[in-house]
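Below you'll find the structure, written out as structure tokens, and then a few comments.
Numbers here simply count residues along the sequence, with the first being 1. Just so it is clear, the structure is predicted and the values come from calculations on it, not from any experiment.
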Amino acid sequence: MADQPAQRPSRPSDIARAALDAARAASAARPRPTRRRVAGPRRSWSGPHPGADDPQTLGSLVDSLVSAEDWSERTKVGSVFGRWDALVGADIAAHCAPQSLSEGELTVVAESTAWATQLRMMAPTILGKLHNQVGGDVVTRLRVVGPTAPSWKKGPRTVRGRGPRDTYG
């Protein structure tokens, strides 16, 4: 039987089987590439609790960005101005507004001199509220100023004297 020449398949199914056998033999003869491991840890499933690759809330993403970029001090300063009504209360906030915050000193402008005096007496209470809700290192001193008088200066040059009042009647 070994001396006989290979017979040609006569049916279509025999032709398909011969082609499949030839393809398998060619595939087995090819050298297999070695798989390279991709750098990094092997992926593991997070299980029933949320993982870092699961959808996150916007608030948690912003908090992680603030801590990663070290913006916590700036956000605390911004929260003093942005949440002034909630920090000191609506009745106090209706009569004063924060103007500037530099080197721990918060400058507050009152709507009248009476409110400025009242706020100066309430300064320890207001500072206590700010320490509890914002943090102790953001606002260390409170400077209360009253309303300012209107300025008669309208340009870069001024003249000494009483100003526009010296020409009245």
Side-chain angles (χ1 to χ4, degrees), residues 30-169:
R30 251 186 320 188
R32 298 220 180 249
T34 58
R35 288 193 171 191
R36 293 186 321 154
R37 181 161 182 202
V38 178
R42 191 173 179 121
R43 178 170 168 79
S44 63
W45 300 104
S46 62
H49 59 281
D53 56 345
D54 290 336
Q56 303 289 325
T57 60
L58 182 62
S60 65
L61 291 174
V62 169
D63 289 342
S64 64
L65 178 66
V66 166
S67 63
E69 296 293 327
D70 196 27
W71 292 338
S72 59
E73 189 68 27
R74 292 180 189 161
T75 57
K76 287 179 183 179
V77 169
S79 70
V80 170
F81 289 94
R83 300 183 325 150
W84 179 251
D85 293 348
L87 293 174
V88 298
D91 52 342
I92 295 174
H95 300 286
C96 65
Q99 184 180 28
S100 66
L101 176 61
S102 63
E103 298 176 4
E105 182 178 64
L106 177 65
T107 304
V108 177
V109 178
E111 70 176 12
S112 67
T113 55
W115 266 103
T117 304
Q118 185 71 20
L119 289 173
R120 284 187 195 105
M121 292 190 313
M122 295 174 57
T125 307
I126 294 172
L127 278 174
K129 288 181 180 180
L130 293 175
H131 284 234
N132 290 339
Q133 295 180 13
V134 177
D137 56 342
V138 178
V139 179
T140 56
R141 292 181 313 274
L142 188 66
R143 187 173 140 226
V144 180
V145 294
T148 57
S151 173
W152 293 101
K153 296 180 181 179
K154 303 295 185 212
R157 298 188 182 107
T158 60
V159 177
R160 289 188 179 197
R162 292 186 40 133
R165 293 175 297 278
D166 64 351
T167 58
Y168 293 157

Chi angles and distances behind the side-chain contact (heavy atoms from CB on, under 4.5 Å) call for L142, I126
CA-CA 8 Å; L142 188 66; I126 294 172; 4.0 Å; yes
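- Applying the side chain to side chain donor-acceptor pair (under 3.5 Å) test to every pair with at least one member in residues 112-128, sequence neighbours left out, gives these pairs: H95-W115.
- Annotation: salt bridge (Lys or Arg N to Asp or Glu O under 4.0 Å) contacts involving residues 97-106, sequence neighbours excluded, comprise E105-R141.
- Rounded to the nearest 0.5 Å, atoms NZ (K76) and CG (L101) are 12.5 Å apart.
- Here the closest heavy-atom approach between residue A97 and residue W84 is recorded as CA-NE1, 4.1 Å.
- Within the 4.5 Å cutoff, no side-chain heavy atoms of V108 are placed close to those of Q99.
- At least one side-chain heavy atom of V145 sits under 4.5 Å from a side-chain heavy atom of T107.
- The minimum heavy-atom distance between A94 and E111, with the atom names listed, is O-OE1, 3.8 Å.
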So V139 and V80, side-chain contact (heavy atoms from CB on, under 4.5 Å) or not? Walk me through it.
CA-CA 9 Å; V139 179; V80 170; 4.3 Å; yes
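- Sorted by first then second residue, the salt bridge (Lys or Arg N to Asp or Glu O under 4.0 Å) pairs that include residues 55-72, not counting sequence neighbours, number zero.
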For T57 and S60, run side-chain hydrogen bond (donor to acceptor under 3.5 Å, both in side chains): C-alpha distance rounded to whole Å, both residues' side-chain angles, the deciding distance at 0.1 Å, then the answer.
CA-CA 5 Å; T57 60; S60 65; 3.1 Å; yes
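- Atom CG of L127 is separated from atom CG of L106 by 8.0 Å, given to the nearest 0.5 angstrom.
- In terms of heavy-atom proximity, L119 sits nearest to C96 at CD1-CB, 3.5 Å.
- Listed here is the closest heavy atom pair of T140 and D137: CG2-O, 4.5 Å.
- Heavy-atom minimum distance, D85 versus A93: OD1-CB, 3.0 Å.
- V88 and K129 make their closest contact through O-NZ, 3.3 Å (heavy atoms, listed as atom of the first residue, atom of the second, distance).
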